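What follows is a short report on a single structure.
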Number of protein chains: 2
Amino acid sequence: MTRSTVLHVLVFGALGGVLIAALKWLEYRWLVATHATELYAGAVAILFAAIGLVLGRKLTRPQIEIREIPVEVPIPMAAAAGFTRDEQRQAQLGLTAREIDMLEQMAAGLSNREIAARSFVSENTVKTHVSRIYEKLDARRRTQAVQRAREWRLIA
Amino acid sequence: MTRSTVLHVLVFGALGGVLIAALKWLEYRWLVATHATELYAGAVAILFAAIGLVLGRKLTRPQIEIREIPVEVPIPMAAAAGFTRDEQRQAQLGLTAREIDMLEQMAAGLSNREIAARSFVSENTVKTHVSRIYEKLDARRRTQAVQRAREWRLIA
DNA sequence: GGCAAGATCATTCTTTTGGGTGACGCATCG
DNA sequence: CGATGCGTCACCCAAAAGAATGATCTTGCC
């Protein structure tokens, strides 16, 4: 194939393309001329359908879809792990800090001996404290004292 | 006013109505004849606008409007004042209902004698139960058993 | 300085608890 | 029917807890 041959092919191709385009253009003109009303109606239809669509979206109230979204709610400290000693009542009952201390260890399930060891005092001392605690809490037993102390928010 | 007068009024009124209606009809015919295209276009416009509207409402996804509405949520019993026994662990430890029963009374601060009286059994029986509880809870003291039972949610 | 409160310790005595063992009755289950 | 689990009860012994009393020491306060 020579260069001129290639050129010819390209020229004829281009001419063919132009010809087809021209024919299509004429056909289009004829279509527009003969079906003007239908085209007009079509255009109006499309336009108004679009307008209707937009209006339909914009002007109608948004549909409310009730959906429950789980939300993390911070649990109030006081209910979770927090504890506040009722110092009011503690003072009112005349419980000393040391006694509250003993009380906590009693509640932890420690024996007098164990408390004595941990507190670096004699077992007798612990017994004295414990006895006074009973008096103040009006308890007769260890478990009762612990229960009362809990109930009255003197210990956690 | 005589009957005939009334009749005349009615007849003239009717005739007038018919005349007006006729004139309107002619006017309408003329309007339709001269503005056929506009009317056609108008009708199409209205129709398609309606179609667009309907489609816009029906075929599009509903607009979701996320609106957070604070809702009063009942605090779960378990967290508020309620208590749920860890029956899992209870079974796992092999604690019987009777033992839990005793455990609760121990926690209430009752002595073996008191528990015996309230449960209508002998003090010895209570002691047996209590001893078994200690074994199962791996406790050596009353207060310790109560503490463990609380910790493990076996009692309130 | 002296008083009151709080913490410490001891001694004595009683009560309660806890450990160990054995036994009986009653269901349930394989 | 025998095994097992549960609830019941008893007896003995040891340990822990509780009651009562008295004493010392420190600290804060008037």
Side-chain angles (χ1 to χ4, degrees), chain A residues 85-152 154-155, chain B residues 85-152 154-155:
Chain A
R85 168 162 301 113
D86 189 344
E87 309 198 18
Q88 179 77 39
R89 180 136 32 200
Q90 180 191 335
Q92 185 181 325
L93 292 172
L95 281 164
T96 70
R98 193 55 157 168
E99 282 160 357
I100 294 287
D101 180 15
M102 301 277 139
L103 214 29
E104 271 162 354
Q105 304 196 57
M106 286 161 71
L110 301 181
S111 68
N112 289 341
R113 186 162 304 171
E114 286 167 334
I115 297 175
R118 297 188 192 209
S119 302
F120 306 104
V121 294
S122 85
E123 197 179 332
N124 284 317
T125 302
V126 175
K127 288 176 88 173
T128 327
H129 283 309
V130 170
S131 280
R132 276 206 258 279
I133 291 172
Y134 293 158
E135 283 173 28
K136 294 178 182 176
L137 290 186
D138 189 32
R140 257 146 274 101
R141 272 171 298 286
R142 189 164 263 251
T143 45
Q144 199 177 17
V146 170
Q147 143 67 11
R148 281 236 204 299
R150 259 191 230 289
E151 179 183 317
W152 289 343
L154 298 168
I155 58 171
Chain B
R85 166 161 302 110
D86 189 343
E87 310 200 17
Q88 178 79 38
R89 178 134 37 196
Q90 181 191 336
Q92 186 180 325
L93 293 172
L95 280 164
T96 70
R98 193 57 157 165
E99 283 160 357
I100 294 286
D101 181 15
M102 300 278 139
L103 213 30
E104 270 162 355
Q105 304 196 57
M106 287 162 71
L110 301 180
S111 69
N112 289 341
R113 188 161 304 170
E114 287 167 335
I115 297 176
R118 298 188 190 211
S119 302
F120 306 103
V121 294
S122 84
E123 198 179 329
N124 283 318
T125 302
V126 175
K127 290 178 82 175
T128 318
H129 283 309
V130 170
S131 279
R132 277 206 258 277
I133 291 171
Y134 293 157
E135 284 174 25
K136 294 177 182 177
L137 290 186
D138 189 32
R140 259 146 273 98
R141 271 172 298 286
R142 190 163 263 249
T143 45
Q144 199 177 17
V146 170
Q147 140 68 9
R148 281 237 204 302
R150 260 190 229 287
E151 180 181 316
W152 289 342
L154 299 168
I155 59 172

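Because only heavy atoms are used, hydrogens play no part in the values below, and waters and symmetry mates are left out as well, while side chains stay in. These numbers were taken from a predicted model, which means no experiment stands behind them. Naming convention: chains lettered A, B, ... in sequence-line order (proteins, then strands); numbering from 1 in each chain.
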(message) Test of understanding: with salt bridge (charged side-chain N to carboxylate O under 4.0 Å, His left out), list the residues that count as partners of B/Glu123, not counting sequence neighbours.
(response) B/Arg113
(message) Could you work out, with salt bridge (charged side-chain N to carboxylate O under 4.0 Å, His left out) as the rule, every residue matching B/Arg89, not counting sequence neighbours?
(response) B/Asp86
(request) Mark up nucleotides 10-21 of chain C, 5' to 3', with B wherever a protein heavy atom is under 4.0 angstrom from a base atom, S wherever such an atom reaches only the sugar-phosphate, and - elsewhere. (result) BB----SBBS--
(request) Provide, to the nearest angstrom, the distance between the NE2 atom belonging to A/His129 and the P atom belonging to C/dA5. (result) 16 Å
(request) Tell me, with the steps shown, if A/Thr125 and A/Ser122 meet side-chain hydrogen bond (donor to acceptor under 3.5 Å, both in side chains). (result) CA-CA 5 Å; A/Thr125 302; A/Ser122 85; 3.1 Å; yes
(message) Once salt bridge (Lys or Arg N to Asp or Glu O under 4.0 Å) is applied, what residue pairs with a partner in residues 95-106 of chain A remain, sequence neighbours excluded?
(response) A/Arg85-A/Glu104, A/Arg98-A/Asp101, A/Glu99-A/Lys136
(message) The test is side chain to side chain contact (heavy atoms under 4.5 Å, CB included); show your working for B/Leu137 and B/Leu95 and say whether it passes.
(response) CA-CA 9 Å; B/Leu137 290 186; B/Leu95 280 164; 3.9 Å; yes
(message) Short of 4.0 Å, heavy atom to strand atom, which residues of residues 96-103 of chain B count as contacting DNA chain C?
(response) none
(message) Rounding to 10°, can you tell me the angle the first-five-pair axis of the helix from C/dG1-D/dC30 to C/dG30-D/dC1 makes with its last-five-pair axis?
(response) 40°
(message) Could you work out, with side chain to side chain donor-acceptor pair (under 3.5 Å) as the rule, every residue matching B/Arg148, not counting sequence neighbours?
(response) none
(message) I'd like to know if the side chain of A/Gln90 pairs up with that of A/Thr96 as donor and acceptor (distance under 3.5 Å, no hydrogens or angles considered).
(response) no
(request) Decide, yes or no, whether a salt bridge links B/Arg140 with A/Glu114 under the criterion of side-chain N to carboxylate O below 4.0 Å. (result) no
(message) Could you work out, with side-chain contact (heavy atoms from CB on, under 4.5 Å) as the rule, every residue matching B/Glu151, not counting sequence neighbours?
(response) B/Gln147
(request) Show your reasoning for whether side chain to side chain contact (heavy atoms under 4.5 Å, CB included) applies to B/Ile133 and B/Met102. (result) CA-CA 9 Å; B/Ile133 291 171; B/Met102 300 278 139; 3.9 Å; yes
(message) Base contacts versus sugar-phosphate-only contacts with protein, heavy atoms under 4.0 Å: please encode nucleotides 25-30 of chain C as B, S and - from 5' to 3'.
(response) ------
(message) With heavy atoms of chain B within less than 4.0 Å as the criterion, where does contact along DNA chain D begin and end?
(response) D/dC6 to D/dA17
(request) Carefully, step by step, assess A/Leu154 and A/Leu93 under the rule side chain to side chain contact (heavy atoms under 4.5 Å, CB included). (result) CA-CA 11 Å; A/Leu154 298 168; A/Leu93 292 172; 4.2 Å; yes
(request) Could you note down all residue pairs passing salt bridge (Lys or Arg N to Asp or Glu O under 4.0 Å) where residues 125-134 of chain A supplies at least one of them, sequence neighbours left out? (result) none
(request) With sequence neighbours left out, write down each residue that passes side chain to side chain donor-acceptor pair (under 3.5 Å) with A/Ser131, or none if nothing qualifies. (result) none
(message) Any non-hydrogen side-chain atom of A/Val146 less than 4.5 Å from a side-chain atom of B/Val146?
(response) no
(request) Can you measure from CD (A/Gln144) to OG (B/Ser111) and round to the nearest 0.5 angstrom? (result) 9.0 Å
